[in-house]
Amino acid sequence: PTLVWSGDDPSVTNFAVVVDDGAAVSAGLAQQFTVPAPLAEGTHEWFVIAGNGAAVATSAVRTFTVDTVPPSLGTAAFTTPSSGEVWLEGTTRDPAWTSAGISDAHLDTNATELSYHTGSEYQTIASTINCFAGTWPWFVSGIPQTYSNTHLRLAVRDTAGNTASIFSPLFTLVDQG
């Protein structure tokens, strides 16, 4: 991560950064510092020391969290659509899923995305679903063509942006435009 701070004292000649009670590392006059990898998962503390050769000042201690692990999906799975179903454009369908076992220390429950696969990419149906809602009413519209053997994806995110997904069984979306 890159740590950023601001200091407006023109007499400062050097900033140094201390991470997790380690040695102070000079950042020069830059008011940012990229922490070298690797860092352990979890919460880390840091502070800045500003100096001018005659005096030093220390900032408050701040924290940041390293999280590179995606959410666990446990036994979460789609229950609707069923394999082989046909969903027509112009109808309301209710994709449904179980949320058993979805967990993460930093889970962003309202940043779950529901999308369908076009064969080459995913098209978003909704991007702010609560992953524990278990269903989402979808008025099927804007389908540019019929997609046989498509599937839905429910992408669950944590606050660090790590994503884990479940996928529905294959079904057909029919363009009626």
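Everything quoted here is computed from the prediction, not taken from an experiment.
- Side-chain contact between T128 and N110: absent, with no pair of heavy atoms (C-beta onward) separated by less than 4.5 Å.
- Of all the heavy atoms in S165 and L73, the pair that sits closest is O-CD1, 3.2 Å.
- Side chains of V17 and L3 form a contact here, defined as non-hydrogen atoms less than 4.5 Å apart.
- Looking at E41, its side chain does come within 3.5 Å of a backbone N or O of T68 through a donor-acceptor pair.
- A donor-acceptor pair under 3.5 Å is formed between the side chain of T91 and the backbone N or O of L88.
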Item to complete: Apply side chain to side chain contact (heavy atoms under 4.5 Å, CB included) to the pair E113 and T124, showing each step before the final yes or no.
Response: CA-CA 7 Å; E113 180 180 287; T124 301; 3.5 Å; yes
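- Tracing side-chain contacts under 4.5 Å through hydrophobic residues (I, L, V, M, F, W, Y), one reaches V140 starting from L154; they form part of the same cluster.
- Remark: side-chain polar atoms of D67 are paired, donor with acceptor, to backbone N or O of V69 under 3.5 angstrom.
- Aromatic ring centres of F33 and W46 lie farther apart than the 6.0 Å criterion allows.
- Considering CH2 of W97 and CG of L114, their distance stands at 6.0 Å, rounded to 0.5 Å.
- Relative ring orientation between H151 and H117 is described as parallel, the plane-to-plane angle staying below 30° on a 0-90° scale split at 30° and 60°.
- D94 contributes atom CG, which lies 4.5 Å from atom OG1 of T135 (distance to the nearest 0.5 angstrom).
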Item to complete: Assess whether side chain to side chain donor-acceptor pair (under 3.5 Å) is satisfied between T34 and T2, documenting all intermediate values.
Response: CA-CA 4 Å; T34 301; T2 298; 3.0 Å; yes
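- Atoms CD and CD1, from Q176 and I143 in turn, are 10.5 Å apart once rounded to the nearest 0.5 Å.
- The minimum heavy-atom distance between A24 and I49, with the atom names listed, is CB-CD1, 4.4 Å.
- A cation-pi arrangement is present between R153 and Y122, with the terminal nitrogen or guanidinium carbon under 6.0 Å from the aromatic centre and inside a 45° cone about the axis.
- Listed here is the closest heavy atom pair of F47 and A60: CB-O, 3.7 Å.
- In this model, no donor atom of one side chain and acceptor atom of the other lie less than 3.5 Å apart for D108 and T159.
- Other residues, nucleotides and ligands contribute more than 12 heavy atoms inside 6.0 Å of the CG atom of D9.
- Of all heavy-atom pairs spanning T172 and N149, the tightest one is OG1-N, 4.0 Å.
- In terms of heavy atoms, W5 sits closest to A30 at CZ2-O, 3.3 Å.
- Contact check for N52 versus S11: side-chain heavy atoms found under the 4.5 Å cut-off.
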Worksheet item: Can S141 and E89 be said to form a side chain to side chain donor-acceptor pair (under 3.5 Å), step by step?
Response: CA-CA 5 Å; S141 64; E89 184 176 31; 6.0 Å; no
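- Transitive grouping of hydrophobic side chains (ILVMFWY, heavy atoms separated by less than 4.5 Å) brings V61 and V18 into a common cluster.
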Worksheet item: What's the verdict on side chain to side chain contact (heavy atoms under 4.5 Å, CB included) for L107 and I102, showing C-alpha distance, side-chain angles and the deciding distance?
Response: CA-CA 9 Å; L107 190 63; I102 293 177; 4.0 Å; yes
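- Shortest non-hydrogen contact noted between G7 and Q31 is N-OE1, 2.8 Å.
- Atom CG of D104 sits about 4.5 Å away from atom CG of D158, to the nearest 0.5 Å.
- Distance CG/D20 to CG/L39: 7.0 Å, rounded to 0.5 Å.
- Under the 4.5 Å side-chain heavy-atom criterion for Ile, Leu, Val, Met, Phe, Trp and Tyr, L170 and W87 are members of distinct hydrophobic clusters.
- Ring centroids of Y116 and W138 are separated by less than 6.0 Å, placing the two rings close together.
- Both V25 and V48 belong to a single network of hydrophobic side chains, linked directly or stepwise wherever heavy atoms of I, L, V, M, F, W or Y lie under 4.5 Å apart.
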Practice prompt. Given side chain to side chain contact (heavy atoms under 4.5 Å, CB included), test H44 with T63 step by step and report yes or no.
Written response: CA-CA 5 Å; H44 299 271; T63 62; over 6 Å; no
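- Of the possible polar contacts, none joining the T112 side chain to the S127 backbone as a donor-acceptor pair under 3.5 Å is found.
- In this structure, C131 SG and I166 CD1 are separated by 9.5 Å, a value rounded to the nearest 0.5 Å.
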Item to complete: Begin from the C-alpha positions of L152 and F167 and carry the test side chain to side chain contact (heavy atoms under 4.5 Å, CB included) through to its verdict.
Response: CA-CA 6 Å; L152 299 178; F167 302 92; over 6 Å; no
